[in-house]
Amino acid sequence: MKNYWLMKSEPDAFSIEDLERLNGKSEPWDGIRNYQARNFMRDEFKIGDQILFYHSNCSPPGVVGLAEVASDPYPDETAFDPKSKYFDPKSKRDSPRWILVDVRFVAKFPRTVTLAEMRETESLGEMRILQKGNRLSITPVSERDYEKIVELGNSSTS
DNA sequence: GCCAACGTTGGC
DNA sequence: GCCAACGTTGGC
């Protein structure tokens, strides 16, 4: 059984275009420093899981395309690097605190499914991203909501 | 830039 | 274990 996820990224830091430019090469999803998000990757991510790629902290925020999980979980190297902004002295090589997976580009939507549009879409009402105060950067998505967003992202009518 | 909502830290 | 202070996220 495939799982579905929504993963946020600030396009200034890493965008769907950055991922697309890798030409099918996978990229470590580094910098996750939240235990809940880490636990999803560590305990539930499987190779082939599908990802809604969400641009946050930009205008307009929304789902811009699709990616997929391309590796099993493994330690986040940036936590060991004192020069990285993600450095965490409490993460030791013999007991890594932060782990990640690689992701691979799947598709960029012809158009962005904006957060505002998602809020207006009745059937998406249960999505975690729409709940008040949600800040979690990785959230599970139901297959139904995933399919709906793919449909919206590929539709020409708004 | 503002600020609400959260998560983390650390003194006690 | 409590909780105030602080830092971060992220929409607006």
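Proteins get letters first, then strands, A, B, ... in listed order; numbering begins at 1 in each.
Atom pair A:Lys85:NZ and C:dG7:C1' shows a separation of 15 Å (rounding to whole Å applied). Between the C1' atom of B:dC6 and the CD atom of A:Gln131 lies a distance of 15 Å, rounded to the nearest Å. Atom-to-atom, NE2 of A:His55 to P of C:dG10 comes out at 13 Å; the value is rounded to the nearest Å. In this structure, A:Asp12 atom CG and C:dG11 atom P are separated by 13 Å, rounded to whole Å. For A:Leu136 and B:dC6, the CG to P distance is 11 Å, given to the nearest whole Å. What separates NZ of A:Lys132 from P of B:dC3 is a distance of 16 Å, to the nearest Å. Between the P atom of C:dG10 and the CZ atom of A:Arg135 lies a distance of 7 Å, rounded to the nearest Å. When rounded to the nearest whole Å, the span between CG of A:Asn134 and P of B:dC6 equals 9 Å.
Relative to the side chain of A:Gln36, the nucleotides B:dT8, B:dG7, C:dG10 differ in distance, and B:dG7 lies closest. Residue A:Pro61 has its side chain nearest to C:dG11 when only B:dT8, C:dG7, C:dG11 are considered.
Checked against a 6.0 Å centroid threshold, the rings of A:Trp29 and A:Phe53 count as neighbours.
In terms of phosphate contacts, A:Lys8 brings no side-chain nitrogen or oxygen within less than 4.0 Å of OP1 or OP2 of C:dT9. Contact annotation: A:Tyr86 side-chain N/O to C:dT8 OP1/OP2 distance is not under 4.0 Å.
A:Tyr4 and A:Asp145 share no side-chain donor-acceptor pair at under 3.5 Å. Neither side chain, A:Arg33 nor A:Ser91, offers a donor N or O lying under 3.5 Å from an acceptor on the other.
More than 12 heavy atoms of other shown residues, nucleotides or ligands fall within 6.0 angstrom of atom CD in A:Glu17.
For A:Asn57 and A:Lys90, each mapped to the nucleotide of DNA chain B holding its nearest heavy atom, the one lying further toward the 5' end belongs to A:Asn57.
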